[in-house]
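Notes follow the structure.
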Amino acid sequence: MVKSRFAPSPTGNLHIGGARTALFNYLYTKHHGGIFVLRIEDTDVERSKEEYVDDILGGLSWLGVHWDEGPYYQKDRMDIYREHAFRLLEAGHAYKCYCTPEVLDEKKKKALKEGGKPHYDRTCRDLPPDDASNEGKPFVIRFRSPVTGQVSFTDLIRDTITFRCEELDDLIIFRTDNTPTYNFTVVIDDALMGITHIVRGDDHINNTPRQILIYEALKYPVPQFAHVPLIHGKDKARLSKRHGATSLLEYRNDGFLPEALMNYLARLGWAHGDQEIFTQEELIEKFDLPAVGKSPSVFDMDKLTWLNGHYMKTLPEEEIAGRLLPFLKGLGIETSCDARLVRVVVSLRERSRTLKEMARMSEYFFRDDFPFDEAAGAKFLTAATKPILLDFAEGLKVITSMDEEEALKALIEGLTKKYNAKPVAVIQPVRVALCGRTVSPGIFEVVAILGKETVRKRLTRAIESIQ
RNA sequence: GUCCCCAUCGUCUAGCCUGGUCCAGGACACCGGCCUUUCAAGCCGGCAACGGGGGUUCGAAUCCCCCUGGGGACGCCA
């Protein structure tokens, strides 16, 4: 049975990189019919915040990455970590260290200056067990790391990775304030929760040998590892706040669809032949860890936008209509998900790439008092077009329903003959009169959705606006 | 500085394991055309890459070594 986990620390929002790691865990686990666990690593009391937890849970839920267990919180498990630290201390796998941060910092700087590794010099590693000189002083607990030998593991994405033990140092597993640190808690929780596969960012490769050593000292089975390359920004550096949206939820607010995000994220670092479009079911069916690339990938907003456009025009129209509602509300438009809204969606979905864009483009379907775009008015609402608009309004009177496309076509054809003009010369002024802008869905769709009375009123308003 | 990881079009990638079918395929973006009622969409076409050097081999994007480049880690953060 495969059991995996996503273990973010609530010291920041759920960003694209974290979301992809969570997604890869999820897809791999579901592919194998396993269990996906969510665990919040909040041992850093100073920086952990409730609002970030909300953002992470909200982001994952929106994306469609659902956890089977959790969320577990590490702050609820402190006793477990303490008990384990004690066990290690008893067995001689850990020791108390009395060096102060200031001293440590100096030693580090010195080592670095001399071209060495900035590692702890193990001053306290071999203090006699009956040492009384440090009695009462604050201390941390360090893991006693082997000095010789090597640690290797088989990474599901990169094959064998080996570290020499002398590269590792005696890391702190418990702080002076009696709280545990990451490399310790992560091992205990993964072991206790029965995690079989650890899929995480490759910035954790260096931590892996240290964690393996802890598993071994605790006599827990070592899980499988898979290190996913990091996502980079356009400048090829690790994705960070300055590369744009910091929270996944910002993409939701910008009008992106979770289907598009999931599809895009899955394809970032992973491929299945030449296929670009995947449903969630297909991803679960086809995703596999060995197919994940080893090199970092650059986040490309253009491609995401393209994919979003694809889903805008292929998802069921009622679905899009429902999701458009909050964006309309954002523009002060209160409407319901009725047949008319669906009609608006159908007319606009081919030309909008996000829900936000669609909402902006649909404004004139819901308001009569919109302003005319200045350039559009100057070009198409003029003394020259006034007679055309008057004739068009007049011709409309004998047409009963705006759904009578044939009759409307005939009306426009008649006017093109009368004015010896191309259809566009008739249609554009009408479009500006009805929509206030030169860009809109097909004019027959527009009039059909607006209805006769609205069309009449808007023509009148436009004509009156001409001096 | 030390250690670890990585390296195909501008970007995401296929191909690499199991050398020849690859003078390298798809997608986004870009450019051009068609369609057309505006804008899109759609369709057709174009531009564009195996980082460098050595090997191995009849033959290398594919295997090996070195170099270079990029990234990551080196926290009483996770």
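Chain A is the first sequence line, chain B the second, and so forth, proteins listed ahead of strands; every chain is numbered from 1. Because the structure is predicted, anything quoted here is derived from the model rather than measured.
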Proximity to RNA chain B (any heavy atom under 4.0 Å), residues of residues 43-52 of chain A only: A/Thr43, A/Asp44, A/Arg47
A/Glu106 atom CD, over 12 foreign heavy atoms within 6.0 Å: no
Between P of B/C74 and CD of A/Glu166, the distance in whole Å: 19 Å
Partner nucleotide, any strand, of B/C16 [Watson-Crick/G-U, under 3.5 Å]: none
Proximal nucleotide (of B/C6, B/C76, B/G1) relative to the A/Pro118 side chain: B/G1
Closest to the A/Glu41 side chain, choosing from B/U2, B/A78, B/C6: B/A78
Enclosure of A/Glu374 CD (heavy-atom neighbours >12, cutoff 6.0 Å): no
CZ/A/Arg458: more than 12 non-hydrogen atoms of other groups inside 6.0 Å: yes
Sugar-phosphate, base or nothing in reach of A/Thr11, heavy atoms under 4.0 Å: nothing
Distance-only polar pair, side chains of A/Tyr264 and A/Asp300, donor-acceptor under 3.5 Å: no
Euclidean distance, atom NZ of residue A/Lys294 to atom P of B/C12 [Å, nearest integer]: 16 Å
Nucleotide paired to B/C23 in any strand shown, Watson-Crick or G-U, under 3.5 Å: none
Interatomic distance where CG belongs to A/Leu265 and P belongs to B/U13 [whole Å]: 12 Å
Can you pull every protein N or O that's under 3.5 Å from an N or O on nucleotides 63-71 of chain B?
from, atom 1, to, atom 2, distance (Å)
B/G71, O2', A/His232, NE2, 3.4

Distance-only donor-acceptor test, A/Glu276 side-chain atoms vs B/G26 base atoms, 3.5 Å: yes
Proximal nucleotide (of B/A73, B/C28, B/C3) relative to the A/Lys303 side chain: B/C28
Nearest listed nucleotide, side chain of A/Lys108, among B/G75, B/C74, B/C4: B/G75
Strand partner of B/C28, provided both Watson-Crick or wobble distances fall under 3.5 Å: B/G10
Basic-acidic side-chain contact under 4.0 Å: A/Asp42, A/Arg47: no
Using atom names, set out every protein N or O paired with an N or O of nucleotides 14-17 of chain B below 3.5 Å, distance rounded to 0.1 Å.
none

Under the side chain to side chain donor-acceptor pair (under 3.5 Å) test, residues paired with A/Lys418 that sit two or more places apart: A/Asp391
Complementary nucleotide for B/U36 - Watson-Crick or wobble, under 3.5 Å: none
Side-chain donor-acceptor contact under 3.5 Å, A/Lys313 with A/Ser352: no
Residue A/His204, side-chain heavy atoms: nucleotide from B/A78, B/C3, B/A41 that is nearest: B/A78
A/Gln275-A/Lys286 side chain donor-acceptor pair, cut-off 3.5 Å: yes
Whether over 12 other heavy atoms sit under 6.0 Å from A/Glu51 CD: yes
Test item: side-chain donor near acceptor, A/Tyr26 and A/Gln280, under 3.5 Å: yes
Integer-rounded Å distance: B/G75 P and A/Lys109 NZ: 13 Å
A/Thr181 vs B/G75: side-chain N/O to OP1/OP2 distance below 4.0 Å: no
B/S/- contact track for nucleotides 30-40 of chain B, protein heavy atom under 4.0 Å: -------BBBS
A/Ser9 side chain, from C-beta outward: closest of B/C28, B/C4, B/A78: B/A78
Check: A/Trp67 ring centre within less than 6.0 Å of A/Tyr72 ring centre: no
A/Arg431 and A/Ser440 side chains, donor-acceptor separation under 3.5 Å: yes
Set of residues satisfying salt bridge (charged side-chain N to carboxylate O under 4.0 Å, His left out) with respect to A/Glu363, sequence neighbours excluded: A/Arg367
Aromatic contact, A/Phe153 with A/Phe225 (centres under 6.0 Å): yes
Sugar-phosphate only, base, or nothing, as touched by A/Val298 at under 4.0 Å among non-hydrogen atoms: sugar-phosphate
Nearest-Å distance for atom pair CD1/C1', residues A/Ile141 and B/C76: 12 Å
Candidates B/C4, B/G72, B/C76 - which lies nearest the side chain of A/Ile205: B/C4
Close aromatic pair by centroid cut-off 6.0 Å: A/His197 and A/Phe24: no
Residue matched to B/C77 through Watson-Crick or wobble contacts both under 3.5 angstrom: none
Interatomic distance at C1', B/C47 relative to B/C28, whole Å: 14 Å
Any A/Arg164 side-chain nitrogen or oxygen under 4.0 Å from OP1 or OP2 of B/U2: no
Sugar-phosphate only, base, or nothing, as touched by A/Leu171 at under 4.0 Å among non-hydrogen atoms: nothing
Between A/Tyr182 and A/Asp44: side-chain donor-acceptor atoms closer than 3.5 Å: no
